[in-house]
Engineer: 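Here it is: the structure, laid out below.
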Amino acid sequence: MPLLATTPVDKMNGPYPRRWWALLVLCLSLLIVVMANTSLIVAAPDMTADLGLSSSDLQWVIDGYTVPYAALMLVLGAIGDKYSRRGALIAGLVIFAGGSVMGSLVEETGLVIAARAVMGVGAAVVMPATLSLLVAVFPRGERARAITAWTATSGLAIAVGPLVAGWLLEDHAWGSTFLVNVPIAVLAVVGALALVPPSRAAGMGRIDYVGGLLSIVSVGSLVYASIEGPHFGWGAGPVAAAVVAAVGLVAFVAWELRHPHPMLDVRRFLQRPFSGSMLAVLFFFFGTYGAIYYATQFLQFVLGFGALETGVRLLPLAGAVFVGAAVTGRLTPKLGVKAMVGSGMAIGTAGVFLLVLIDQGSTYADFLAPMLLLGLAIGLSVSPATDTIMGTFPESELGVGGGANDTALELGGSLGIAVLGSLLGTAYRDELGSLVGDRLPAAALDTAQDSVGGGLAVAHRLATDPAAGPEQAQALTDAVGRAFAHGVSTTSLVGGIIMAAGTLIVLAVLPGRRRHAAGNGPESEPAPATPEPEPGDSAR
């Protein structure tokens with residue numbers, strides 16, 4: 001057996017014999033990319049205390065990763081298709097590891113945000129490469145099972161990220177949550193060279209860099225506006241970004257319709273399986289990421305669980321993902337994509353609606369059922385939706401397909417955290433003001449209303465203030481818990497309504513099983529023709 005995988009996929013006479021080992025490498029690469037977002041949730045309190053982060057600072061420490069991650073995936077997926085998908089995977093892992101090292105060493109807020117941005121660039125290379133390599137390596141008959149494993153890894157990372165970060169924070173500073181990525185990335189690079197075969201698109205024309213630039217501007221501006229506007233007010237910056245996003249989207253569509261080799265053929269959105277599955281991924285991660293984001297905060301700040309304790313309590317979500325993945329692997333071939341995606345979204349909607357019942361007296365047990373439902377929903381619906389999306393792309397555009405799927409995923413999650421997080425903050429701020437607004441100095445009230453962490457910090461100061469004392473501190477602590485529980489309940493109602501509306505839209509767009517089966521291949525409508533290769537351009 002050779003030490004390195006050197007035979008390109010297109011030169012093989014049959015299926016790659018070590019494809020399941022290759023899948024392990026791809027899933028490991030995906031794991032650290034998703035963990036980089038979820039682990040920061042439990043590391044945020046330590047970072048806030050150590051760096052003196054404001055609410056705005058903390059938001060951008062988190063989202064400095066998200067903006068390049070979401071904006072660059074489509075373009076970098078196409079570049080991977082053109083030159084080397086495995087090369088893109090390895091390059092992305094190296095960039096990601098470099099950003100992780102930087103993040104573990106710096107001690108200034110701006111540099112931490114910059115390190116997170118570098119990691120986001122690396123993630124934008126890795127994420128579409130994992131999916132395009134998976135589809136290139138696995139024959140059609142095994143692809144659904146492989147994508148199910150890929151999806152289950154995403155769900156596992158949601159819980160494993162906080163668990164690993166919590167374990168590290170027991171004895172180490174928050175920088176360790178960055179540094180832990182490095183040995184995993186090195187292992188993934190070695191595994192990629194040894195187990196993942198080279199792959200490159202056959203017959204791909206010139207890359208549409210103008211369309212790529214327009215997609216970067218549109219998605220990047222949209223993510224920026226969705227983060228900055230809801231959280232910090234619709235000033236000149238967020239409004240300008242929203243306008244740029246709208247103009248950029250119109251320009252992108254117009255350009256792609258006219259270009260002979262578009263970055264993303266927007267006519268593909270006329271195919272109901274593709275557009276319905278993209279909407280499913282977008283709506284689903286809007287609700288689930290938002291709910292997990294504020295549920296984790298409740299466990300930490302209101303119930304007082306430490307970082308490791310919080311991570312352990314998210315494990316049932318990961319277990320439910322694996323149950324859902326096992327079920328969807330068996331039932332999707334029998335019931336069809338629409339039934340499984342619709343069922344998963346309905347279950348996820350029910351999980352978000354259950355959080356409406358959260359109040360000041362809620363315990364971890366009240367979060368267990370919602371997390372189990374959300375995990376089950378991820379396992380049931382994301383895999384068939386992703387398989388459908390990738391099935392609409394020809395071999396020459398697998399990286400673009402992976403980029404499109406992952407952009408919908410990351411955009412949905414970013415919007416969910418930004419929009420639902422903003423609603424949570426507003427509800428918390430208003431409720432806390434009505435509870436203690438007349439009993440705190442203006443400066444202390446502003447700090448307490450900024451975030452639940454700020455409220456608890458003010459209560460801690462009151463406990464040591466001779467003019468206030470423990471009783472007033474306890475009263476504020478109770479008020480903070482009550483206000484945050486009110487915010488979770490109110491936000492979950494809105495999130496559940498949005499998820500329910502999204503479920504109905506997706507069910508209306510996705511074709512039924514009979515129509516789905518009547519089309520060409522896995523889709524009910526044929527995919528656009530693969531462009532002819534340019535002279536001198538051949539697969540490696």
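In this chain, numbering begins with 1 at the start of the sequence shown.
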Engineer: For Thr66, does its backbone N or O pair with a side-chain atom of Arg116 as donor and acceptor, under 3.5 Å?
Structural biologist: no
Engineer: For Pro197 versus Val137, what's the shortest heavy-atom pair and its separation?
Structural biologist: CG-CG2, 3.8 Å
Engineer: Judged by atom type as modelled, is there a donor-acceptor pair below 3.5 Å linking the side chain of Ser343 to the main-chain atoms of Met340?
Structural biologist: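 Not at all, since once roles are kept as given, no pair shorter than 3.5 Å links the two residues.
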Engineer: If only atom types and distance count, is the side chain of Asp81 paired as donor or acceptor with the main-chain N or O of Gly399 below 3.5 Å?
Structural biologist: yes
Engineer: Mind checking the OG1-CE spacing from Thr407 to Met127? Nearest 0.5 Å is all I need.
Structural biologist: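 So the gap between those two atoms works out to 9.5 Å.
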Engineer: Cation over ring, Arg145 on Phe138, under 6.0 Å and within 45°?
Structural biologist: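 No - Arg145 does not lie over the ring of Phe138 by the 6.0 Å and 45° rule.
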Engineer: Rounded to the nearest 0.5 Å, how far does CZ of Phe178 lie from CE of Met102?
Structural biologist: 10.0 Å
Engineer: On a heavy-atom basis, which atom in Leu423 and which in Val494 lie closest, and how many Å separate them?
Structural biologist: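 For Leu423 and Val494, the tightest heavy-atom pair comes out as CD1-CG1, 3.6 Å.
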Engineer: Is it true that Arg140 and Asp387 have a side-chain N and a carboxylate O under 4.0 angstrom from each other?
Structural biologist: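 Yes, this pair counts.
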Engineer: Within this structure, what is the CG-CD1 distance for the pair Leu424 and Ile417, rounded to the nearest 0.5 Å?
Structural biologist: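 Spacing of CG (Leu424) from CD1 (Ile417) equals 12.0 Å.
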Engineer: Walk me through whether Leu26 and Leu89 qualify under side chain to side chain contact (heavy atoms under 4.5 Å, CB included).
Structural biologist: CA-CA 9 Å; Leu26 300 179; Leu89 175 66; 3.8 Å; yes
Engineer: With under 30° as parallel and over 60° as perpendicular, where do the rings of Tyr289 and Phe285 fit, or are they tilted in between?
Structural biologist: perpendicular
Engineer: How many angstroms lie between OG1 in Thr503 and CZ in Phe284, if you round to the nearest 0.5 Å?
Structural biologist: 9.0 Å
Engineer: Look only at the side chain of Ser383 and the backbone of Gly379, and say whether a donor-acceptor pair between them is shorter than 3.5 Å.
Structural biologist: no
Engineer: Rounded to the nearest 0.5 Å, what separation is found between the CD1 atom of Ile32 and the OG atom of Ser39?
Structural biologist: 11.0 Å
Engineer: Write down the atom of Ser29, the atom of Thr130, and the distance for their closest heavy-atom approach.
Structural biologist: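 Looking at all heavy atoms of both residues, the shortest contact is CB-CG2, 4.1 Å.
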Engineer: Specify the closest pair of heavy atoms between Phe322 and Ala152, including all atoms of both residues, with the distance to one decimal.
Structural biologist: CE2-CB, 3.9 Å
Engineer: Determine yes or no for a side-chain-to-main-chain donor-acceptor pair under 3.5 angstrom, with Ser215 supplying the side chain and Gly212 the backbone.
Structural biologist: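 Yes, the answer is positive, given that a donor and an acceptor are paired below the 3.5 Å cut-off.
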Engineer: Might you work through the side chain to side chain contact (heavy atoms under 4.5 Å, CB included) test for Glu228 and Asp63, ending with a clear yes or no?
Structural biologist: CA-CA 10 Å; Glu228 192 74 11; Asp63 290 315; over 6 Å; no
Engineer: Do any N or O atoms from the side chain of Asp208 and from the backbone of Pro262 form a donor-acceptor pair under 3.5 angstrom?
Structural biologist: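 Between the backbone of Pro262 and the side chain of Asp208 there is no qualifying donor-acceptor contact (under 3.5 Å).
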Engineer: Search all heavy atoms of Gly348 against all heavy atoms of Ala377 and return the closest pair with its distance.
Structural biologist: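 Residues Gly348 and Ala377, closest heavy atoms: N-CB, 3.5 Å.
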Engineer: Show the nearest heavy-atom pair for residues Gly175 and Ser104, with the distance to one decimal.
Structural biologist: O-CB, 3.4 Å
Engineer: Would you check if Glu410 and Val223 make a side-chain contact, meaning some heavy-atom pair closer than 4.5 Å?
Structural biologist: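 Contact flag for Glu410/Val223 side chains = no.
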Engineer: Please check: side-chain N/O of Tyr69 versus main-chain N/O of Met119, any donor-acceptor pairing under 3.5 Å?
Structural biologist: no
Engineer: State which residue, out of Leu409, Leu131, Leu134, fulfils the side-chain contact (heavy atoms from CB on, under 4.5 Å) condition with Thr386.
Structural biologist: Leu131
Engineer: Tell me, yes or no, whether the heavy-atom count around Trp21 atom CH2, taken from other residues, nucleotides or ligands under 6.0 Å, exceeds 12.
Structural biologist: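 No.
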Engineer: Taking Arg86 for its side chain and Ala5 for its backbone only, find out whether a donor-acceptor pair lies under 3.5 Å.
Structural biologist: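 Yes; at least one donor-acceptor contact below 3.5 Å.
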Engineer: When rounded to the nearest 0.5 angstrom, what is the spacing between NZ in Lys82 and OG in Ser396?
Structural biologist: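 If I round to the nearest 0.5 Å, the distance is 10.5 Å.
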Engineer: Please confirm whether the backbone N or O of Ala325 pairs with a side-chain atom of Thr328, one donor and one acceptor, at under 3.5 Å?
Structural biologist: no
Engineer: Keeping the roles fixed (side chain from Ser218, backbone from Gly248), state whether a donor-acceptor pair exists under 3.5 Å.
Structural biologist: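 It does hold such a pair.
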